[in-house]
Peer 1: 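I am attaching a structure below and will ask some questions about it afterwards.
Numbering of ligands and ligand atoms starts at 1, following listing order.
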Amino acid sequence: MESAAPPAEHLGADYFQHPLAYFSRMREERPVTPVTLPHGDRVWLVTRYADVRAALADPRLHKDWAGKLTGPDWVPDEVTGYLAVHMLNSDPPDHTRLRKLVTKAFTARRVAGLRPRVEAITGSLLDAIEARAAAGEDTVDLIGAFAFPLPVTVICELLGVPARDQAQFRQWSNAIVASEGEPGSFRAAGEAMYYYFTELIAAKRARPADDMVSALIEARDSGDSLDERELMAMLWLLLIAGHETTTNLIASGTLALLTNPAELDRLRSDPSLLPGAVEELLRYANPLNHATDRFTLEPVEIGGVTIPAREWVLCVTSSANRDPDRFGDPDRLDVRRDAGGHVAFGHGIHYCLGAPLARLEGEVAFGALLARFPALSLAADPATLRWRPSSLIHGLETLPVRLR
Ligand code: HEM
């Protein structure tokens with residue numbers, strides 16, 4: 001007789017506000033456990049560092065649900081079809097083929113060449129904030145003014161997507177990563193992006209430019225390495241992955257520094273600590289609660305617990321990064337800590353493609369922000385700040401800061 005699966009704990013709506021409190025209890029009591037998320041989906045959570053690393057590298061945890069969890073007669077509609085076929089939803093060999101098409105553009109060396117442009121965008125955003133301060137505005141929302149426009153402008157330029165459309169992307173990508181929202185908003189955003197990219201691809205096909213959209217169209221049209229849906233999926237993945245997370249590294253990282261003044265002072269007085277501090281901020285203020293969805297097709301044992309077949313598994317990277325068995329005094333921010341080995345960028349074949357770019361943006365953003373506004377402080381009680389209702393993204397809704 002099969003043993004019954006353990007009962008799933010229901011995570012209430014306050015889960016989004018205090019996810020780490022839930023995870024620290026789970027790490028202790030039930031490190032591999034089924035739960036129901038606030039919006040009702042049943043998933044398994046893996047919360048310990050060693051288990052998360054092992055699970056992220058385990059080929060028995062699949063990503064390609066469209067080919068494997070659906071029946072043989074299932075045919076996606078056009079929009080679902082394109083939303084589903086990007087590298088982060090694929091297993092080898094498709095994953096290998098899709099990732100290879102863009103790997104070169106994101107290597108540490110290629111990304112280092114973007115530094116002057118990232119610094120220039122950062123500088124002009126900070127100029128605009130300073131002008132607002134000079135005009136008498138003492139408080140700004142650091143997300144709207146800086147943490148969002150910096151990475152979205154960088155990724156738009158890299159792809160060749162008009163940066164003037166970024167307000168639109170913010171709305172779409174909020175709807176796509178939200179776990180709670182207006183019914184149908186995910187689908188509506190998916191459809192809107194689909195039409196947007198259809199037009200963009202047609203325009204670039206007619207007039208190619210020196211950008212990644214044109215290069216991918218060329219790859220698509222000159223061989224059989226990617227089809228039209230995969231081209232579209234690649235673009236929306238890069239656009240969303242390229243800014244959602246980095247926005248939250250900058251915003252939540254700034255919050256962490258402003259609420260740990262001794263660490264902030266240390267970093268201000270020794271900017272050579274910046275690269276290490278970015279790693280520590282990734283560990284401490286992890287922009288994602290967990291890695292993206294994985295599925296079992298057969299029973300899989302993780303950390304001594306057997307997860308049955310056809311279950312949905314989330315590797316909780318933010319919890320792994322606070323596991324006391326891996327990081328001493330894990331709940332303390334320490335910009336001099338060796339945070340190497342953190343799993344904020346994942347692990348295994350889906351390890352973040354954009355990690356060098358995110359690190360560069362983080363380093364430039366924190367360095368310039370702290371240098372430009374020596375008296376920067378929080379303009380709200382940290383306990384009143386709200387986190388977005390997303391299972392995947394751990395990001396603030398707004399971050400009001402005082403400039404002087
Ligand atoms: C602080 C910023 C960032 C964080 C914390 C982050 C985190 C992650 C994580 C955890 C994964 C693996 C997900 C999984 O295995 O389920 C991932 C994958 C990915 N990230 Fe990032 N990311 C960041 C920035 C970026 C940027 C700037 C880009 C630029 C395009 C990017 C593009 C991607 C892509 C394409 C993948 C899929 C890789 C694959 O499936 O092989 N990310 N990211």
Side-chain angles (χ1 to χ4, degrees), residues 46 52-53 55-59 61-65 85-108 110-111 114 118 147-148 150-159 161 173 177 212-213 216 230 233-253 278-295 312-321 339 342-366 391-395:
V46 179
V52 164
R53 267 189 66 113
L56 286 172
D58 190 331
L61 294 181
H62 300 262
K63 300 212 87 321
D64 181 8
W65 58 271
V85 291
H86 54 69
M87 73 181 95
L88 199 41
N89 259 351
S90 309
D91 297 315
D94 287 335
H95 171 263
T96 323
R97 170 176 57 86
L98 292 169
R99 183 161 170 137
K100 208 171 145 207
L101 285 167
V102 283
T103 307
K104 267 204 200 121
F106 289 98
T107 58
R110 276 288 279 278
V111 164
L114 299 176
V118 173
F148 170 74
L150 171 57
V152 86
T153 306
V154 172
I155 195 69
C156 282
E157 285 190 4
L158 205 61
L159 289 174
V161 169
S173 94
V177 301
M212 207 180 292
V213 176
L216 287 168
E230 291 171 333
M234 176 82 87
L235 296 179
W236 90 268
L237 172 69
L238 293 174
L239 185 62
I240 292 197
H243 80 272
E244 265 294 347
T245 42
T246 316
T247 294
N248 297 312
L249 167 64
I250 297 170
S252 311
V278 169
E279 297 310 306
E280 171 66 347
L281 291 168
L282 282 159
R283 180 195 74 83
Y284 181 88
N286 210 331
L288 298 175
N289 284 318
H290 50 72
T292 53
D293 310 346
R294 283 166 171 72
F295 302 90
W312 179 357
V313 182
L314 297 176
C315 299
V316 188
T317 47
S318 65
S319 169
N321 283 341
H342 70 70
V343 283
F345 289 126
H347 178 61
I349 61 168
H350 294 280
Y351 180 84
C352 179
L353 175 79
L357 179 58
R359 289 184 162 120
L360 169 68
E361 290 178 339
E363 226 180 287
V364 171
F366 290 120
S391 176
L392 176 64
I393 299 283
H394 185 58

Peer 1: Does the side chain of Asn321 come within less than 4.5 Å of Val52's, by heavy atoms?
Peer 2: no
Peer 1: To the nearest 0.5 Å, what is the distance between CG (Leu56) and OG1 (Thr292)?
Peer 2: 9.0 Å
Peer 1: With a 4.5 Å cut-off on side-chain heavy atoms, are His394 and Leu288 touching?
Peer 2: no
Peer 1: Can you report which non-hydrogen protein atom sits closest to atom 16 (O) of ligand 1, along with the distance?
Peer 2: Thr292 OG1, 2.5 Å
Peer 1: I'd like the name of whichever of Arg99, Arg294, His290, His347 reaches closest to atom 15 (O) of ligand 1 through any heavy atom.
Peer 2: Arg294
Peer 1: Name the option, out of Ala344, Pro356, Ala291, that contains the heavy atom nearest to atom 10 (C) of ligand 1.
Peer 2: Ala344
Peer 1: So, His243 and Ser173: side-chain donor and acceptor under 3.5 Å apart, yes or no?
Peer 2: yes
Peer 1: Just by distance, do the side chain of Asn289 and the backbone of Val316 share a donor-acceptor pair under 3.5 Å?
Peer 2: no
Peer 1: In this structure, does ligand 1 have an atom that sits under 4.0 Å from one of the heavy atoms of Asp293?
Peer 2: no
Peer 1: Measuring from atom CG of Leu357 to atom CD1 of Ile155, what distance do you get when rounded to the nearest 0.5 angstrom?
Peer 2: 6.0 Å
Peer 1: Identify the protein heavy atom lying closest to atom 37 (C) of ligand 1, giving its residue, its atom name and the separation to 0.1 Å.
Peer 2: Leu88 CD1, 3.9 Å
Peer 1: Do any heavy atoms of His95 fall under 4.0 Å from ligand 1?
Peer 2: yes
Peer 1: Give me the nearest non-hydrogen protein atom to atom 12 (C) of ligand 1 as residue plus atom name, then the distance to 0.1 Å.
Peer 2: His350 O, 3.4 Å
Peer 1: When you compare ligand 1 with Thr246, is there at least one nitrogen or oxygen pair between them that comes in under 3.5 angstrom?
Peer 2: no
Peer 1: If we ignore hydrogens and angles and just use 3.5 Å, is the side chain of Asp91 paired with the main-chain N or O of Asp64 as donor and acceptor?
Peer 2: yes
Peer 1: Please confirm whether Thr317 approaches ligand 1 to less than 4.0 Å, judged on its heavy atoms.
Peer 2: no
Peer 1: Could you tell me whether ligand 1 has any atom less than 4.0 Å away from a heavy atom of Leu98?
Peer 2: no
Peer 1: Which N, O or S atoms belonging to the protein are less than 2.8 Å from atom 21 (Fe) of ligand 1?
Peer 2: Cys352 SG
